[in-house]
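In what follows, a structure is listed as structure tokens, so that the remarks can point back to it.
A note on names: the letters A, B, ... follow the listed sequences, proteins ahead of strands, and every chain is numbered from 1. Keep in mind that this is a model prediction, so the values were computed, not measured.
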There are 2 protein chains.
Amino acid sequence: MVKIGQRQTRQRSIIHDIIMESDRPLTIANLVTLAQKRQAKIGQATVYRTVNALIEAKEIQAVQMPGGEALYEKAHLHHHHHFKCNNCGKVYDLPGCPDGIDLKKFLPPRFSLTAHEFTFYGTCAECA
Amino acid sequence: MVKIGQRQTRQRSIIHDIIMESDRPLTIANLVTLAQKRQAKIGQATVYRTVNALIEAKEIQAVQMPGGEALYEKAHLHHHHHFKCNNCGKVYDLPGCPDGIDLKKFLPPRFSLTAHEFTFYGTCAECA
DNA sequence: TTCATTGCAAAGTTTTTGCATCTTT
DNA sequence: AAAGATGCAAAAACTTTGCAATGAA
């Protein structure tokens with residue numbers, strides 16, 4: 001069990017577990033629905049507060065999609081990127097990073113790089 | 001003068017020009033401020049409606065940043081990506097695409113790719 | 001018992017919509 | 001004159017906050 005904030009509560013534990021057990025990033029709406037299956041009365045505010053606390057604690061991270069929707073996933077140990085299916089709308093993790101990128105040539109002079117995030121679009125295997 | 005919708009209006013022309021003349025993507029707030037400098041009474045709703053119409057018309061495109069903010073820029077003829085400076089917060093266009101990416105190896109089996117969007121973070125030349 | 005956390009409802013934010021009025025054609 | 005576009009304000013959608021009640025330690 002993970003400690004978030006000062007006290008261990010059933011609500012936080014449930015929300016934490018749902019994210020850790022998911023193989024894909026989830027929206028707030030997803031989390032509310034899934035959490036309420038495990039315990040009827042979980043307020044939206046609790047989900048928002050817990051998600052923000054988990055981000056603060058670096059347990060999870062936000063994935064911002066074009067269009068504006070935010071998804072949340074476990075803070076991965078390994079660098080990875082995302083793929084959104086244009087057909088079913090699901091967002092998948094793509095482990096690793098494409099090989100052979102020549103960033104030196106790509107960046108303007110005197111720009112330095114600390115991070116990057118790639119988002120890919122297309123059709124997933126399920127929808128193919 | 002560009003035609004958006006059925007009629008040419010001063011408001012649409014102003015908003016269109018601001019985006020076309022900018023070398024960086026702009027937020028809705030940026031657009032409202034800049035537009036009101038050229039003509040006092042431009043309602044926010046008009047900016048939103050015009051931006052949506054311009055996107056629909058493929059004249060401009062949205063750039064979604066992590067954290068949730070959306071920026072708008074001219075629909076480029078050439079494929080490009082974005083760089084956000086962690087220091088000043090400005091978003092820059094990076095023309096072109098990094099060379100030598102091996103996407104075949106990167107995508108899972110039976111996933112097909114139609115588009116991609118890269119976002120880079122770091123320090124820009126101005127802030128270096 | 002104490003005080004962090006919760007649920008609910010109220011208050012913020014941001015974006016969209018309804019409608020009377022104004023403008024383009 | 002007809003109909004699209006505007007500005008304003010109301011509404012909708014999403015997130016945060018205040019507060020009394022609950023529950024973990």
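Look at A/E69 and A/K84 and you find a salt bridge, because one of the NZ, NE, NH1 or NH2 atoms lies within 4.0 Å of a carboxylate O, short of that distance.
Using a 4.5 Å heavy-atom threshold, the side chains of A/Q11 and A/T50 count as separate.
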Listed pairs, N/O of protein and of nucleotides 14-18 of chain C, under 3.5 Å:
| unit_1 | atom_1 | unit_2 | atom_2 | d |
| --- | --- | --- | --- | --- |
| C/dT15 | OP2 | B/Y48 | OH | 2.0 |
| C/dT15 | O5' | B/Y48 | OH | 3.1 |
| C/dT16 | OP2 | B/N52 | ND2 | 3.3 |
| C/dG18 | O6 | B/R49 | NH1 | 3.3 |

Please tabulate the protein-to-nucleotide N/O contacts below 3.5 Å involving nucleotides 2-5 of chain D, giving atom names and distances.
| unit_1 | atom_1 | unit_2 | atom_2 | d |
| --- | --- | --- | --- | --- |
| D/dA3 | N3 | B/R7 | NH1 | 2.7 |
| D/dA3 | N3 | B/R7 | NH2 | 3.3 |
| D/dG4 | O4' | B/R7 | NE | 3.3 |
| D/dG4 | O4' | B/R7 | NH1 | 3.4 |
| D/dG4 | O4' | B/R7 | NH2 | 3.3 |
| D/dA5 | OP1 | B/Q6 | N | 2.7 |
| D/dA5 | OP1 | B/R7 | N | 3.2 |
| D/dA5 | OP1 | B/R12 | NH1 | 2.8 |

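Rounded to 10 degrees, the angle separating the terminal helix axes of the helix from C/dT1-D/dA25 to C/dT25-D/dA1, each built from five base pairs, is 20°.
When the side chain to side chain donor-acceptor pair (under 3.5 Å) test is applied to B/T27, the partners found at least two apart in sequence or on another chain are B/N30.
Within the structure, every side-chain polar atom (N or O) of A/K41 is placed at least 4.0 Å from both OP1 and OP2 of D/dT22.
A/E56 places its CD atom 13 Å from the P atom of C/dT5, with the value rounded to the nearest Å. Between the P atom of D/dC14 and the CG atom of A/L31 lies a distance of 15 Å, rounded to the nearest Å. In this structure, CZ of A/R10 is placed 14 Å from P of D/dA25, rounded to the nearest angstrom.
Between B/H81 and A/F106, the ring planes lie perpendicular to each other; the angle is over 60°, past the 30° to 60° tilted range. Below 30°, between 30° and 60°, or above 60°: for A/F120 and B/F118 the angle between ring planes is above 60°, a perpendicular geometry.
Between atom CG of residue A/D93 and atom CZ of residue A/F83 there is a gap of 12.5 Å, rounded to the nearest 0.5 Å.
For residues 34-48 of chain A, the side-chain hydrogen bond (donor to acceptor under 3.5 Å, both in side chains) pairs, not counting sequence neighbours, are A/R10-A/Q39, A/E21-A/R38. Screening residues 117-128 of chain B for side-chain hydrogen bond (donor to acceptor under 3.5 Å, both in side chains), with sequence neighbours left out, gives B/H82-B/E117, B/K90-B/E126.
In plain terms, the two heavy atoms of B/A35 and B/I42 that are nearest each other are CB-CD1, 3.9 Å.
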Step by step, work out the side chain to side chain contact (heavy atoms under 4.5 Å, CB included) result for A/V51 and A/L31. CA-CA 9 Å; A/V51 163; A/L31 288 170; 3.7 Å; yes
